[in-house]
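In what follows, a single structure is set out as structure tokens and then discussed.
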Amino acid sequence: MFPDEFEYVEAESAEHAVELLDEHATEEVELLAGGHSLLPAMKTGLSSPDVLIDLGSVDELRGVSADGDTLSVGATTRYTDFLDSDDAHEHAPAMAEAVAQVGDVQVRNRGTVGGNLAHADPASDLPAAALTSDATLVALGPDGEREIPVEEFFYGMYATDLAPTEMLISVEIPSASDAVGAYAKKPSPSSGYAMIGVSALLDVDGNTVREARVGANGAVGQGVLLPSVADAIEGEALDEDSVAAAAEHATEDVDEAMLMDDIQASGEFRAQLLEVYAERALLAAMEEASAPAAAD
Ligand SMILES: Cc1cc2nc3c(=O)[nH]c(=O)nc-3n(C[C@H](O)[C@H](O)[C@H](O)COP(=O)(O)OP(=O)(O)OC[C@H]3O[C@@H](n4cnc5c(N)ncnc54)[C@H](O)[C@@H]3O)c2cc1C
């Protein structure tokens, strides 16, 4: 399968990429990051951009750095480079757990953190972790930079708050170095994408959960937070009973009429998976929280 013809332009900088987006605003334009969602879509005719702007040479968009209380992740940072960063594991444990479960080694060697979030595939692994990590997405457009809280970023299936002339330049994650992160996913047997994936970030004091954020991919058209699960586990001692009881709240925060219902799984099955994987994510976080004590 071959894509339709398109104009290819190599961006020299983030500003140059935005100039190009603005210049071609009346045409269909795509940014080429890792290409692992875009190129399959182009080859199958689902996407036929007139212009392709390649971000591959823009070094300023790549890299992970920790500055004070924030982990800054350049939009075109590849998954594998994120996972190679000690700072990423220390400051963004929920993101690190989710990134580690994206696709396979080949996908992780090419795909990018920003491309994943900007693409907003409901079955992607990163939206829920970005939500539990309380990330801020930084967009660059013709009028300069704009910070978008993650809870305002995802609009629905493949839809985000980014304007057509804006691009994502970085993901800013408040340091969660005192917390434990986990991601539990039921992968699609055919693609490995999340049929359901649940991300948990727990701040644990001794064995008691001080603060919790829990979110899910694959349930509805966009990543969502599950505050009822988080509320149910906050203040509780972490054990199998408290985790199971909290996970029972998993469907309270999703509109059951909006549950994805497709060839992979019915909405009813996804609702069941949501509870099961909420429990697994919390259990994984519990194990992580007890790991240092076990090592003593
Ligand atoms: C075999 C296979 C298995 C996969 N399995 C999984 C999986 O298990 N979990 C998972 O989460 N993903 C999976 N993926 C998808 C993969 O993670 C993609 O890399 C990701 O969805 C998109 O990132 P990218 O960098 O490749 O973006 P691209 O494919 O280059 O771009 C995707 C879209 O995002 C836009 N875009 C890219 N960068 C920016 C930016 N900086 N600002 C604004 N818009 C931008 C592009 O215009 C395009 O519309 C899989 C892909 C393949 C091919």
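Here, residue 1 is the first one in the sequence, and each next residue gets the next number. Both counts, for ligands and for their atoms, begin at 1 and track the order of listing.
Side-chain contact between Leu55 and Leu32: absent, with no pair of heavy atoms (C-beta onward) separated by less than 4.5 Å.
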Using atom types as modelled, flag every donor-acceptor pair under 3.5 Å from a side chain in residues 198-207 to any protein atom, sequence neighbours excluded.
unit_1	atom_1	unit_2	atom_2	d
Ser199	OG	Thr132	OG1	2.8
Asp203	OD1	Arg210	NH2	3.1
Asn207	ND2	Leu238	O	3.1

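Put simply, the side chain of Asp50 gets close to the backbone of Glu28: a donor and an acceptor are under 3.5 Å apart. Judged purely by atom type and a 3.5 angstrom limit, Ser133 uses its side chain to pair as donor or acceptor with the backbone of Ala129. Under a 3.5 Å cut-off, the side chain of Asn217 and the backbone N or O of Ala123 do not form any donor-acceptor pair.
Pairing each heavy atom of Gly103 with each of Arg108, the nearest pair is O-NH1, 3.3 Å.
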Show me a pair-per-line table, with atom names and distances to 0.1 Å, of protein N or O atoms that are under 3.5 Å from an N or O of ligand 1.
unit_1	atom_1	unit_2	atom_2	d
ligand 1	8 (O)	Gly103	N	2.9
ligand 1	8 (O)	Asp125	OD2	3.4
ligand 1	8 (O)	Lys185	NZ	3.1
ligand 1	8 (O)	Gly192	O	3.1
ligand 1	9 (N)	Asp125	OD2	2.7
ligand 1	11 (O)	Asn116	ND2	3.0
ligand 1	11 (O)	Asp125	N	2.8
ligand 1	14 (N)	Tyr193	OH	3.0
ligand 1	17 (O)	Tyr79	OH	2.6
ligand 1	19 (O)	Tyr79	OH	3.3
ligand 1	21 (O)	Ser37	OG	2.7
ligand 1	23 (O)	Asn116	N	3.4
ligand 1	25 (O)	Gly34	N	2.8
ligand 1	25 (O)	Thr112	N	3.0
ligand 1	25 (O)	Thr112	OG1	2.6
ligand 1	26 (O)	Gly35	N	3.1
ligand 1	26 (O)	His36	N	2.8
ligand 1	29 (O)	Gly35	N	3.4
ligand 1	29 (O)	His36	N	3.2
ligand 1	29 (O)	Ser37	N	2.9
ligand 1	29 (O)	Leu38	N	2.8
ligand 1	30 (O)	Ala33	N	2.8
ligand 1	30 (O)	Gly34	N	3.3
ligand 1	30 (O)	Gly35	N	2.7
ligand 1	41 (N)	Leu168	O	3.0
ligand 1	42 (N)	Leu168	N	2.9
ligand 1	47 (O)	Glu30	OE1	2.7
ligand 1	47 (O)	Leu31	N	2.9
ligand 1	47 (O)	Leu31	O	3.2
ligand 1	49 (O)	Glu30	OE1	2.5

